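Down below is the structure, laid out as structure tokens.
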2 protein chains.
Amino acid sequence: MLDVRRLRLLRELHRLGTIAAVAQAFSYTPSAVSQQLSTLEREAGVPLVRHAGRRVELTPAGADLAARAESVLALLEEASAALAATRSELAGELRIGAFPTAVRTLLPSALVALGAAHPRLELLVTELDPAQVPDALRAGALDLALVHEYDYVPAEPDPALATEPLLIETIFLASAADRPASGDDALRQCAVLPWIAASPGTLCYLMAVRLCQAAGFTPRIRHHADDFATVLALVAAGQGVALVPELALPADPAGVVLTALAARRRTLIACRAGSAGHPAIAAGAAALRTAAGQYLAARTG
Amino acid sequence: MLDVRRLRLLRELHRLGTIAAVAQAFSYTPSAVSQQLSTLEREAGVPLVRHAGRRVELTPAGADLAARAESVLALLEEASAALAATRSELAGELRIGAFPTAVRTLLPSALVALGAAHPRLELLVTELDPAQVPDALRAGALDLALVHEYDYVPAEPDPALATEPLLIETIFLASAADRPASGDDALRQCAVLPWIAASPGTLCYLMAVRLCQAAGFTPRIRHHADDFATVLALVAAGQGVALVPELALPADPAGVVLTALAARRRTLIACRAGSAGHPAIAAGAAALRTAAGQYLAARTG
DNA sequence: ATCCAGCATTAGCTCAGCTTAAGTCCAAGC
DNA sequence: GCTTGGACTTAAGCTGAGCTAATGCTGGAT
């Protein structure tokens, strides 16, 4: 009988590409992962990984096994969800991961509603960049998370995860001076100005670069700030221009001129494949949908 | 993440009904099974088993989980089969279980053909009563087995096993004296005679009793013998009458009069669900089909 | 040519999970 | 009613799987 724990490691290796990354995802040492994969390979009787330069890659047999592992893990996830659904009361932990902006805007009301409806449910919130969310979900560090999809940063489909659209926002160009042009013309006017963007490696950073590139230039990024309040303060101080999603805007963005762009940011709810039926996860997702609805109503109303 | 080893114990408990039987099936002590199930229940957070008198039974949640475990285990079995299929040569063990008659008739030629075609395949044959086959397959003690289905002993469908018809035999009434009547009338003529049957608890024993009961009487079983050669010798010695399937008959059944009955014995090939694609198991099944074909050709030719 | 990121290997330790043994409870039999 | 026996549970102890830490090795980058 194939060991499911080892299959899980193989699946992660399939995606992450290096043993060290798998080890990090599971809080193991690379040695442990290497040993477990060696054992799996011995049991399988077929080479599953092979050396490719100084990293490793899956053989066709390994890739096939990883795909099958995906199905097995999804079934187990469903079984867990079914068990939790038979419990009369929601209890245990619900680990939620979200990007900083959401933690400040959408999450509070969702957490209050969840806590009131399910007092025995322990809500654990982790603030993290959406780029880290898929790994954290897959490794079991999170149960429910919010991720983004930008127009020029397509989220690659992941069979281990289930997603559901939550809300769509407009992206604004924030600058200190008034811009006569609108939309992408305004963007092009900023080609020679200094830019303020998030840290390299984050989704927001990538979004800013790609969006500018699509407009025909590469932004000269002078300042890096992940917090949009800081970003807006820098913009107001005349330090450069920036791209800011609707959700990050305060009620009165003083000293900042906002120009709506054609680009959109889509926020999704994500969980592990098979776990959407878990009552705590379903309740969490519902609370987030309600919070998003309230937010949209407040904006448009 | 639910532990698949523990789920397997739960699945067996679902079928076998007692912890002691599960322990026996896996060569564990009842204590070990009890502890593992307790752990599973604690992890599940829902009662899975409850006491019913001095045994235990599954709760609805437990039964549901056991059904899900069935799917998971079948997927894992398929994954193993797919791995084995990528190996260029068939190697490893193939554990075959069969009833004594088949071991002497069908198996030898099948084993010779298999051994010649796949020299690195280790063939391990176990002689056992068909009644024990399902448990042995499910517990992983066998990979491939032959089982029977009699007209009056329906094999209950088992989601954990896959079966395939192999051959259909006539059942004969064996007696020392000539019987003028044919078919079931001959059977009824033997209502008052002493009977020779297999050991209680075996499928053949059950078949004999049920068949006679269907003919309107309960057989007075004087001798018990599992070996059909012995049975025929006892019949020839005038010790009683017996029911013998076609496959068990020697070329020249001296001193015994055989009357064909309407009842049939269907022999099936069985393996674990999901393992039919395993190349060694597929090769074994193919060899058995060939052997059965040769047998039928020799009988009819 | 040198450095270093990344994987393999070894030794050693910890804990999950097994067995043995004792205890509890229920059903059947004298 | 009491006893006997079977089935499950609990407690204690032991073994091995599987982890960490440390070291060595190799291929690509500077």
Side-chain angles (χ1 to χ4, degrees), chain A residues 1-59 62-63 66 69 76 135 139-141 200-201, chain B residues 1-59 61-63 66 69 76 135 139-141 201:
Chain A
M1 183 63 52
L2 293 164
D3 187 321
V4 174
R5 295 177 58 253
R6 294 180 181 132
L7 289 178
R8 206 151 69 121
L9 294 177
L10 187 74
R11 177 190 71 161
E12 281 317 285
L13 182 61
H14 188 39
R15 277 196 72 78
L16 299 176
T18 80
I19 289 183
V22 176
Q24 197 186 358
F26 286 97
S27 302
Y28 285 167
T29 58
S31 174
V33 176
S34 179
Q35 287 178 53
Q36 291 305 309
L37 288 175
S38 299
T39 305
L40 179 63
E41 199 163 2
R42 186 161 8 95
E43 287 171 350
V46 171
L48 299 176
V49 295
R50 66 171 156 234
H51 293 261
R54 62 180 173 185
R55 12 184 68 199
V56 292
E57 64 180 14
L58 295 195
T59 62
L76 286 174
D135 288 350
Chain B
M1 182 65 52
L2 293 164
D3 188 322
V4 174
R5 296 177 57 252
R6 294 182 181 130
L7 289 178
R8 207 151 67 122
L9 294 177
L10 187 73
R11 179 191 69 164
E12 280 319 283
L13 182 61
H14 188 38
R15 278 196 70 79
L16 299 177
T18 80
I19 289 183
V22 175
Q24 197 185 357
F26 286 97
S27 303
Y28 285 167
T29 58
S31 174
V33 176
S34 175
Q35 288 179 48
Q36 290 305 309
L37 289 174
S38 298
T39 305
L40 179 63
E41 198 163 6
R42 186 159 11 95
E43 288 173 349
V46 172
L48 299 175
V49 295
R50 63 170 157 237
H51 292 261
R54 60 180 174 185
R55 13 182 66 201
V56 292
E57 64 181 16
L58 295 195
T59 61
L76 286 174
D135 287 351

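Proteins get letters first, then strands, A, B, ... in listed order; numbering begins at 1 in each. These numbers were taken from a predicted model, which means no experiment stands behind them.
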Figure out the CG/P separation between B:Leu48 and D:dT9, and round it to whole Å. 12 Å

Nearest-Å distance for atom pair CG/C1', residues B:Leu9 and C:dC18: 12 Å

Establish, with yes or no, whether the OP1 or OP2 oxygen of C:dC26 is under 4.0 angstrom from a side-chain nitrogen or oxygen of B:Arg55. no

Of the non-hydrogen atoms in B:Val4 and A:Leu76, which two are nearest, and what is the gap between them? CG2-CD1, 4.0 Å

Would you mind reading off the distance between B:Leu40 atom CG and C:dA16 atom C1', rounded to a whole angstrom? 15 Å

Find the distance between CZ (A:Arg5) and CG (B:Asp3) and round it off to the nearest 0.5 Å. 8.5 Å

Can a side chain N or O of A:Arg5 be found less than 4.0 Å away from OP1 or OP2 on D:dC19? yes

Give the rounded distance in Å between these two atoms: CZ of B:Arg50 and C1' of D:dC8. 17 Å

Please identify each residue that fulfils side chain to side chain donor-acceptor pair (under 3.5 Å) with A:Gln24, with sequence neighbours left out. none

Nucleotide C:dC7, atom C1' - distance to CG of A:Leu13 in whole Å: 11 Å

Minimal non-hydrogen separation, B:Ala20 against B:Pro30, with atom names: CA-CG, 4.4 Å

Residues from residues 18-37 of chain A sitting under 4.0 Å of DNA chain D, heavy atoms only? A:Ser27, A:Tyr28, A:Thr29, A:Ser31, A:Ala32, A:Gln35, A:Gln36

Starting from P on C:dA16, measure out to CG on B:Asp3 and report it in whole angstrom. 12 Å

A:Leu16 CG to C:dC7 C1', in whole Å, measures 16 Å

Axis-to-axis angle across the helix from C:dA1-D:dT30 to C:dC30-D:dG1, five pairs an end, to 10 degrees? 20°

Rounded to the nearest 0.5 Å, what separates atom CG in B:Leu9 from atom CG in B:Leu16? 10.5 Å

Compare all side-chain heavy atoms of B:Leu58 with those of B:Leu48 and state whether any distance is below 4.5 angstrom. no

Without decimals, in angstroms, what is the distance between B:His51 NE2 and C:dT24 P? 15 Å

Can you confirm whether the side chains of B:Gln35 and B:Thr39 place a donor and an acceptor under 3.5 Å from each other? no

Between A:Arg8 and A:Arg11, is any pair of side-chain heavy atoms under 4.5 Å apart? yes

Which atoms form the tightest heavy-atom contact between B:Thr18 and B:Leu13, and what is the distance? C-CD1, 3.6 Å

